[in-house]
2 protein chains.
Amino acid sequence: MERKQEVSKAVIQRLPRYYRNICELKAEGVQRISSRSLAERMGLTASQIRQDFNCFGGFGQQGYGYNIEKLMEELGSILGLSAGRTAILLGAGNLGRALLNNFDFEASGFRLLCAFDANPALVGQEFGGCEVRSSDTMPAFVAEHKPDVAVLTIPRGNAPDIARELVDQGIRGLWNFTGEDLHLGGLGVPVENVHLSDSLMTLCHLVSTTEE
Amino acid sequence: MERKQEVSKAVIQRLPRYYRNICELKAEGVQRISSRSLAERMGLTASQIRQDFNCFGGFGQQGYGYNIEKLMEELGSILGLSAGRTAILLGAGNLGRALLNNFDFEASGFRLLCAFDANPALVGQEFGGCEVRSSDTMPAFVAEHKPDVAVLTIPRGNAPDIARELVDQGIRGLWNFTGEDLHLGGLGVPVENVHLSDSLMTLCHLVSTTEE
DNA sequence: GAACTTTTGTTAAAATAATATCAATTCAAT
DNA sequence: ATTGAATTGATATTATTTTAACAAAAGTTC
């Protein structure tokens with residue numbers, strides 16, 4: 001599993017999509033696949049797929065292709081999905097609740113321990129099987145349970161302060177929906193900034209330039 | 001505004017982030033900014049910013065920098081945010097309602113006309129100022145109002161069929177939350193596939209590899 | 001089991017993207 | 001006005017990423 005040299009960010013960002021497609025293939029009952037077939041399915045080149053996989057050591061077989069079962073395990077392991085990581089969610093507003101109710105955290109490698117909100121009306125309620133606790137109790141909870149990552153669905157203004165606080169308390173990653181770009185890479189804490197608006201603006205541009 | 005040669009996808013995907021930051025600067029009352037300052041703020045290189053902007057014709061001034069007001073207009077125009085585009089939303093389940101209630105479509109260039117759902121209990125209700133209508137009435141509505149894009153927050157299985165139907169009815173773009181990767185580029189219809197799970201899996205990997 | 005086909009892993013080449021450099025131009029100060 | 005500092009836009013360079021090519025290995029068929 002040890003990598004000779006740093007794997008490029010471009011490759012890393014393709015891994016979840018590979019994993020998704022392999023899971024689908026497994027669900028379809030497929031046992032093995034060649035880089036060519038997978039490339040066709042995903043709209044990539046076979047060459048790119050082979051090179052991507054080989055960043056982590058070849059797990060294919062010449063003349064045969066890739067075994068779906070094995071490939072899924074390998075990709076899952078590279079992504080760290082079975083590491084039993086834990087998460088908490090901060091901010092049980094509309095967006096936070098939508099995630100609690102709909103999003104399958106387990107499928108992305110995380111067990112959601114609980115949510116926190118400052119609003120007393122929400123404290124004690126449960127969404128998607130996850131209890132909302134008072135924000136006051138967050139530091140003690142983090143100190144005790146040491147969750148790996150925090151999901152930030154709090155209002156934007158609070159984001160930088162809370163992020164710093166969480167890092168001080170030992171959080172190892174942030175899934176950030178606040179709209180504020182956070183960069184804690186310098187502190188060794190990765191952040192995934194989610195900006196739905198960026199995606200929609202890109203679509204707006206694409207629609208505008210696809211005009212005939 | 002005419003481009004000499006195709007602007008690379010990498011540049012396009014940075015535009016929304018530029019736009020966001022310029023909006024913030026304007027809100028802060030800043031009147032002008034140099035590529036160096038902006039680079040520092042955004043964690044990029046000044047060179048990259050100048051080259052990106054120059055893809056669309058230089059709108060800076062030597063010895064002065066970029067005028068915030070002008071830059072915002074130019075970027076907004078490139079993104080097509082003022083084109084008065086319209087959207088409909090399909091599927092007023094948890095995710096759909098979360099978008100209706102929380103997401104600022106106008107800020108990303110779209111006026112949301114209405115939502116559609118097959119569930120009679122939801123039809124007639126309003127979320128975020130947007131009315132839910134019966135799915136049955138969707139084709140007639142699209143034929144009459146010709147919305148530019150459709151937001152897909154329907155269950156995954158239906159996605160491909162509905163997408164094709166929408167394209168036949170003249171839809172020009174899809175903002176796809178179904179989890180199913182849609183590729184209608186061949187039909188000249190751009191799609192933005194949103195996969196929150198990809199983002200969280202990437203974070204899982206980053207947390208795992210940032211281990212000391 | 002020999003010939004043929006498939007397909008990988010690896011190396012090389014091509015294409016793309018990011019960064020550095022610098023002349024030309026503008027602003028600001030005296 | 002003249003000088004000096006700042007900053008762009010363009011070009012050149014470097015780095016990265018993607019694609020192509022192919023020998024080596026495994027499967028398949030007769």
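Quick caveat: nothing in here was measured; it's all calculated off a predicted structure.
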* Rounding to a whole Å, what distance do you find between B:Ile33:CD1 and D:dA6:P? -> 16 Å
* Close residues, residues 15-30 of chain A, relative to DNA chain D [heavy-atom separation under 4.0 Å] ->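 Within residues 15-30 of chain A, no residue comes under 4.0 Å of DNA chain D.
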* **DNA chain C contacts made by residues 40-48 of chain A, counting heavy atoms under 4.0 Å** => none
Let me confirm one number: the [atom1]-[atom2] distance from [X] to [Y], rounded to the nearest 0.5 Å.
{"X": "B:Leu71", "Y": "B:Cys23", "atom1": "CG", "atom2": "SG", "result": "9.5 Å"}
{"X": "B:Leu75", "Y": "A:His205", "atom1": "CG", "atom2": "NE2", "result": "11.5 Å"}
{"X": "B:Leu89", "Y": "B:Ile154", "atom1": "CG", "atom2": "CD1", "result": "10.0 Å"}

* To do: For A:Phe110, enumerate each residue passing the ring-ring contact (aromatic ring centres under 6.0 Å, His included) test, keeping only those at least two apart in sequence or located in another chain.
  =>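 Once residues adjacent in sequence are excluded, A:Phe110 has no partner under the ring-ring contact (aromatic ring centres under 6.0 Å, His included) criterion.
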* Asked: Which residues satisfy the ring-ring contact (aromatic ring centres under 6.0 Å, His included) test with B:Tyr64, sequence neighbours excluded?
  -> none
Show me the side-chain donor-acceptor pairs of residues 161-169 of chain B shorter than 3.5 Å, one per line, residues at least two apart or across chains.
unit_1, atom_1, unit_2, atom_2, d
B:Asp161, OD1, B:Arg164, NH2, 2.9

Below 3.5 Å between N/O atoms, which protein atoms pair up with nucleotides 26-30 of chain D? Just atom names and distances, please.
unit_1, atom_1, unit_2, atom_2, d
D:dA26, O4', A:Gln62, O, 3.1

State, yes or no, whether a side-chain contact exists between [X] and [Y] at a heavy-atom distance under 4.5 Å.
{"X": "B:Ser208", "Y": "A:Arg85", "result": "yes"}
{"X": "B:Phe56", "Y": "B:Glu74", "result": "no"}
{"X": "B:Arg20", "Y": "A:Asp198", "result": "yes"}
{"X": "A:Phe177", "Y": "B:Leu196", "result": "yes"}

* To do: Quick one: label B:Tyr66 by what it contacts on the DNA or RNA (base, sugar-phosphate, nothing), any heavy atom closer than 4.0 Å.
  => sugar-phosphate
* Structure fact -> Result for 5'-nearest mapping on DNA chain D, choosing between A:Val11 and B:Ser34, is B:Ser34
* Are any of B:Ser35's side-chain N or O atoms less than 4.0 Å away from OP1 or OP2 of D:dT8? -> yes
* Closest to the A:Gln51 side chain: C:dA12, C:dA18, D:dA10? ->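 Comparing C:dA12, C:dA18, D:dA10 against the side chain of A:Gln51, the answer is C:dA12.
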* Asked: Nearest of D:dG9, C:dT7, C:dT8 to any side-chain atom of B:Arg50?
  -> D:dG9
* Apply the test side chain to side chain contact (heavy atoms under 4.5 Å, CB included) to residues B:Ile88 and B:His145: give CA-CA distance (whole Å), side-chain angles for both, the deciding distance (0.1 Å), then the verdict. => CA-CA 10 Å; B:Ile88 57 173; B:His145 294 92; over 6 Å; no
